[in-house]
There are 2 protein chains.
Amino acid sequence: MDTEIKDVIMVGAGPSSLAAAIYTTRENIGTVLYEKGAVGGLAAITDMVDNYPGFPDGVEGLTLASQLEQQAKRFGAKIEFGDVSAIRDEGDVKVVTVDGSEVRAKTILIATGSDYNKVGVPGEAEYYGRGVHYCATCDGAFYRDKRLVVVGGGNSAVQEAIFLTRFASHIDLLVRSTIKASEILQHDLQPLVDAGKITVHLNSPITEIVAVEGKVTSVLATKDGEPLTIEIDGVFIFVGLKPNTQFLAGSGIELDEVGLVKTDHKLQTNIPGIFASGDVRSGATMQIASAVGEGASAALSIREYIDEHKHTHA
Amino acid sequence: MDTEIKDVIMVGAGPSSLAAAIYTTRENIGTVLYEKGAVGGLAAITDMVDNYPGFPDGVEGLTLASQLEQQAKRFGAKIEFGDVSAIRDEGDVKVVTVDGSEVRAKTILIATGSDYNKVGVPGEAEYYGRGVHYCATCDGAFYRDKRLVVVGGGNSAVQEAIFLTRFASHIDLLVRSTIKASEILQHDLQPLVDAGKITVHLNSPITEIVAVEGKVTSVLATKDGEPLTIEIDGVFIFVGLKPNTQFLAGSGIELDEVGLVKTDHKLQTNIPGIFASGDVRSGATMQIASAVGEGASAALSIREYIDEHKHTHA
């Protein structure tokens, strides 16, 4: 067992915790990040990030992720690979279980993000970020005057299909069974259907995303059991979000109804000394800029917490 | 009078509203920013920004400001120079008075920032950002093992002097009259005084900041009426913050006790359709990363508000 008590352990090494680590390490707050997947989180697997402020012509997701990592490491952040399976509050000390071993810290930042649920059809993983998208705010603007398929029948699918009509010339909405979205959203949808901007296909599960020479060209589905082919330029999939908070089961950390971590205005959870920022936080926007900004703010809260509790650790 | 109703008027063109404008304009939300000073706000007059995430080796403040401006303009943001003297809520329409004329919008983003109060001595303005600083979180790390003067006797001066001992080898705290900081902070200060890390000078108003060949080398003060010269590498001044919210007098927008704008978790003020982000917001961290992140989040709230109210405007 590692008996050293670290200043802060950050769970996850995506944009939010990397930003937080830039702040904490620059202020000599000892910082370790544990990541079980790719450093940079969803940013690292995004083709082009057009709206992260500071890069006028956009920046490749992988480049941005790498630059965030370099900047955090420059000031002394330690990034380690490991799977965090549990956290435990012991008052002034927090215990994190990583790959079966326990490590201790004065504070924890939960920044494990959320993943987009997948439909699991051929072509979906292959063309992620290059024709297949999960975030309309991020990637909708790449499809001005293009044809799109939107997959899903819940609130977010209908809301984002409506939003995407700002850009797309036409949208086919593929709904597996029936529309589950709220009446208000269905009411907003109707005029767009009447105007021919959106075509709704009920009982139409998607079966494949087809690309020619690396470019997504069509979507295959079955409509009432009959094959359906739709020629398009891109596909947006909205079938839910999975917050990476399974490891918090039994920790006492309060989650909201979809499993995101609740925080106060200081980004602190219901347990003092345990903070959360980025896409894992209730109210998250799923935007890199917001995640980064919250990381910076969380770092200042972490510093304040450590300063206020230093006498008990001395 | 301009009779057109714009989608959103942003008051101020600093990092927070430029970030918001990147988001709104990219989504075809018509956006006008009014700025009475320099585009880029405090960032534009900062020598080097070391902790804005995404730039591993830091970025010049002016470069960052210019890149934010280019990015917002790329998607269609209009930046106009003008002094906003009042805003008025007329329900679905908000009225902004700019240089005596009225312009109308569905929504407003208040992003006028805050200014650091100055002590008003020779050398202060000339060496701003190059030896004279107002933000310990931003610039403290540039002074590892250096000697500093901290000016002020209130809570933030004492708190930041304590914080700066993480970096500086020694700090002279110049207090105009007596220390006004809380008892807790004075209690935290004492061991650092005892250890010789901080020397407190009471009744010691600063009179001049002296530089040799462009480099700050000493601070002049009077101590109990006698001249005092302190050789140092940098000066941090903490004599209060002035939120740029005078134009909100009579608007009905709720401010906190220091004059910052109160917002909810969606960054909306107490008046629906009027939002605030960045350094002007109650709870602000005075960090560019946080201001930018809040700008992005505010943009999403603005879009949501416009979408929900479009029937009343149609």
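Sequence lines set the chain letters: A, B, ... in the order given, protein chains first and strands last, and positions in each chain run from 1.
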Between [options], which shows the greatest number of heavy-atom pairs under 4.5 Å with chain B?
options                          : answer
G54(A), G293(A), A296(A), A19(A) : G54(A)
L68(A), L18(A), T137(A)          : T137(A)
N51(A), T63(A), I22(A)           : N51(A)
V59(A), D50(A), D57(A)           : D50(A)

Any idea which of R144(B), K73(B), R74(B) has the most non-hydrogen atom pairs under 4.5 angstrom with chain A?
R74(B)
Greatest number of heavy atom pairs closer than 4.5 Å to chain A - which of R26(B), Q67(B), R166(B):
R26(B)
Please determine if D233(B) and R147(B) form a salt bridge, counting it only when a charged side-chain N lies under 4.0 Å from a carboxylate O.
no
If the threshold is 4.0 Å, N to carboxylate O, is there a salt bridge linking R281(B) and D256(B)?
no
Heavy-atom distance under 4.5 Å to chain A: side chain of [X], backbone, both or neither?
X       : value
Y52(B)  : both
I184(B) : neither
E27(B)  : both
F55(B)  : both

Considering all heavy atoms of both residues, which atom of V292(B) and which atom of P53(A) are nearest to each other, and what is their separation?
CG1-CG, 3.4 Å
Does R303(B) make a cation-pi contact with F163(A), if we ask for NZ or CZ under 6.0 Å from the ring centre and within 45° of the axis?
yes
Centroid separation under 6.0 Å, is that true for the rings of Y143(B) and H133(B)?
yes
With a 6.0 Å cut-off on the ring centroids, do F238(B) and Y116(B) count as close?
no
Under 3.5 Å side-chain donor-acceptor pair for Q70(B) and S66(B):
yes
